[in-house]
Asks: 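Supplied in structure tokens, the structure appears directly below.
Sequential numbering from 1 along the given sequence is applied to the chain's residues. Indexing begins at 1, ligand by ligand and atom by atom, following the structure's order. No hydrogens, no waters, no symmetry mates; every other heavy atom, side chains included, goes into these values.
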Amino acid sequence: MEKLVIVGPTQLKGEVTISGAKNAAIAILPAALLINGSCQINNLPNIVDVKLTCEILEGLGAKITWITNNSIKIDCSNINKTTAPLDLTRKFRASYYLIGAMLGRKKEIIVGLPGGCNLGARPIDQHIKGFEALGATVDVSQGNVCAKVDKLLGTHIYLDVVSVGATINIMLASVLADGTTIIDNAAKEPHIVDVANFLNTMGADIRGAGTDVIKINGVKELITNKSYSVVPDQIEAGTFMLAAVASQGDITLKNCIPEHLDCITAKILEIGGNVQSTGDSLRVWMNQRPQKATIKTLPYPGFPTDLQPQIGVVLSLANGTSIINESIWDSRFQYTNELNKMGAKITAQGQSAIFEGVNKLYGAPVYSTDLRAGAALIIAGITAYGSTEIYNLCYIDRGYENIEDKFSKLGANIKRVIEE
Ligand code: EPZ
């Protein structure tokens, strides 16, 4: 079994380069299925979820050539299956994007019901509502989703909840539909804009991504032999920003988009930190103990749920009592039990948690309960006195590229160890 061993405390200092966005990459790869030919995708994060997506696409007939560690050529001219490798698709959430993309490409698909991090209930009713409105029939049984359509017809879809996955999935299914599709109450996350930019680069006609109304004018086919670079990862960048604050360090992020980080910057300034942006880099530094804060997670441009555990570490060390209200997921405070093992004083109940700030955290053996919980535990380990051992690295490896190397270059004493 692998574990991360971190000996702290360390004040992180130096530069870190942000990778391509996981949640954009794992939607853009299935989007390539809509191209009857090849394209090149650059700035892909080299993470388990990207490799898994590539494996699933190969199972459907795609030919993938790795040009570098972060760049692939993908040829989807021979998509010859309409059943995805079911065991692989069940392993992660983003396999739901195969439904939208394959409805567009082959008019049918069977995938295993998407798994992913355990954050509470994760329904896909809004995805299904969108596919059905476009004319598809969707059957969910025996752990699989089976979707079919004769002809996708553009329509007006109002999402009952702001959903990243449903917005992207309906966009995918609409690109090659007949006529115009309008998605109302769409999500606005940077990766939604990125998927739309990818598709538009490939010849789609999508307008309004990044606002809450997206209009997709169906096109006959997409263009081949184009290349695209995935947007920098907002959440990875936010993770390092919060690591700088928690460790009272001074970090400069390279290859990020500061505007995507405005809501995090605002909170960091509120709790006494400093942020300075220049072009595509961002310096974050902290010279004092953080002040208490109140946080509510919200869809973009609100404070992201995917940074809630990381700011939870900051608030567990803050001066005063803070409150976090998690409004997206039912069960995203599991990490607080692990932080309490390190000396934090957090009481979580339902979708709220109270953080009574402590002066110090202390190293302990802890278990990552999901991807962002894992990132939070790394930050906690870096700030804590003594040795922290983090288990369940499979979650962390799904979404962060070379995480221990990146933290190590910032001065952290962090090692991956194989335990007998
Ligand atoms: C995406 O999940 C991300 N995953 C999550 O990232 C992220 O936490 C989440 O968006 C919110 O930003 C991927 O992109 C693969 P949603 P997604 O649909 O698309 C409800 C990470 O750590 N809902 O925006 O599954 C749902 O229950 C993670 O990288 C419905 O009710 O999230 C939730 O309360 C994990 N019906 C809310 O909407 C639906 O059909 C938002 O979910 C869909 C969603």
Asks: Hey, which atoms in ligand 1 end up nearer than 4.0 Å to a heavy atom of His127?
Replies: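 The list of qualifying atoms is 40 (O).
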Asks: What do you reckon, does Glu189 have a nitrogen or oxygen under 3.5 Å from a nitrogen or oxygen of ligand 1?
Replies: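 N/O-N/O distance below 3.5 Å does not exist for this pair.
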Asks: Return yes or no for this condition: an N or O of Arg372 is under 3.5 Å from an N or O of ligand 1.
Replies: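 Yes - when backbone and side-chain N and O of Arg372 are compared with those of ligand 1, one distance drops under 3.5 Å.
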Asks: Which residues pass the ring pair (Phe, Tyr, Trp, His ring centres under 6.0 Å) test with Tyr228, sequence neighbours left out?
Replies: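 In terms of ring pair (Phe, Tyr, Trp, His ring centres under 6.0 Å), with neighbours along the sequence ignored, Tyr228 is linked to Phe198.
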Asks: For ligand 1, which atoms sit closer than 4.0 Å to a heavy atom of Val164?
Replies: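 Counting from 1, the qualifying ligand atoms are 10 (O), 12 (O), 16 (P), 18 (O), 19 (O), 24 (O).
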Asks: How does Asp125 reach ligand 1, by side chain, by backbone, by both or by neither, if only non-hydrogen atoms under 4.0 Å count?
Replies: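 Answer for Asp125: both.
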Asks: Classify the contact between Trp329 and ligand 1 as side chain, backbone, both or neither, using a heavy-atom distance cut-off of under 4.0 Å.
Replies: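 The answer is the side chain.
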Asks: In ligand 1, which numbered atoms sit nearer than 4.0 Å to a non-hydrogen atom of Gln126?
Replies: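 In order of number, 36 (N), 39 (C), 40 (O).
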Asks: Which of the atoms of ligand 1 are close to Gly165, meaning less than 4.0 Å from one of its heavy atoms?
Replies: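 Once the distances to Gly165 are compared, the set is 18 (O), 19 (O).
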Asks: Just let me know how Ile328 lines up against ligand 1, side chain, backbone, both or neither, with a heavy-atom cut-off below 4.0 Å.
Replies: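 For Ile328, the contact with ligand 1 is made by both the backbone and the side chain.
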Asks: Report the part of Phe92 (side chain from C-beta onward, or backbone N, CA, C, O) that has a heavy atom under 4.0 Å from ligand 1; answer both or neither where that applies.
Replies: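 The answer is neither; Phe92 stays 4.0 Å or more away.
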Asks: Consider every N or O of Ala94 and every N or O of ligand 1, then say whether any pair is closer than 3.5 Å.
Replies: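 In this structure, Ala94 places no N or O atom under 3.5 Å from an N or O of ligand 1.
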Asks: Is a side-chain donor or acceptor of Asn255 paired with a backbone partner of Ile18 at a separation under 3.5 angstrom?
Replies: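 Between the backbone of Ile18 and the side chain of Asn255 there is a qualifying donor-acceptor contact (under 3.5 Å).
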Asks: For Val245, does its backbone N or O pair with a side-chain atom of Gln248 as donor and acceptor, under 3.5 Å?
Replies: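 The answer is no, because no donor-acceptor pair under 3.5 Å joins these two groups.
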Asks: Verify, without hydrogens or angle tests, whether Glu389 (side chain) and Val5 (backbone) share a donor-acceptor contact under 3.5 angstrom.
Replies: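 Here the side-chain-to-backbone pair does not exist.
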Asks: Ignoring hydrogens and geometry beyond distance, is a side-chain donor-acceptor pair present between Lys51 and Asn46 at under 3.5 Å?
Replies: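 Short answer, yes.
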Asks: Under 4.0 Å, heavy-atom basis, I'd like to know which part of Ile26 is in contact with ligand 1: side chain, backbone, both or neither.
Replies: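 Near ligand 1, Ile26 shows its side chain, while the N, CA, C and O stay back.
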Asks: Keeping the roles fixed (side chain from Lys406, backbone from Thr17), state whether a donor-acceptor pair exists under 3.5 Å.
Replies: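 Checked: pair present.
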Asks: Please identify which atoms of ligand 1 are closer than 4.0 Å to at least one heavy atom of Lys22.
Replies: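 Listed by number with element: 21 (C), 29 (O).
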Asks: Side chains of Arg332 and Thr305 only: does a donor on one sit below 3.5 Å from an acceptor on the other?
Replies: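 Indeed, the side chains of Arg332 and Thr305 share at least one donor-acceptor pair under 3.5 Å.
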Asks: Taking the inter-plane angle between the rings of His127 and Tyr96 on a 0 to 90° scale, is it parallel (under 30°), tilted (30 to 60°) or perpendicular (over 60°)?
Replies: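 Aromatic pair His127/Tyr96 classed tilted.
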Asks: Whether the side chain of Asn43 engages the backbone of Val230 through a donor-acceptor N/O pair (distance < 3.5 Å, no angle test) should be reported.
Replies: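 Yes, the answer is positive, given that a donor and an acceptor are paired below the 3.5 Å cut-off.
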Asks: Under 4.0 Å from ligand 1, counting heavy atoms only, is it the side chain of Gln308, its backbone, both or neither?
Replies: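 Neither; no heavy atom under 4.0 Å.
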Asks: Checking contacts here: is it the side chain or the backbone of Pro123 that comes within 4.0 Å of ligand 1, counting heavy atoms only? Could be both or neither.
Replies: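 Both of them.
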Asks: Output the list of atoms in ligand 1 that are nearer than 4.0 Å to some heavy atom of Arg93, sorted by atom number.
Replies: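 So the atoms of ligand 1 that pass are 25 (O).
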Asks: With sequence neighbours left out, write down each residue that passes salt bridge (Lys or Arg N to Asp or Glu O under 4.0 Å) with Asp184, or none if nothing qualifies.
Replies: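 Asp184: no salt bridge (Lys or Arg N to Asp or Glu O under 4.0 Å) contacts found.
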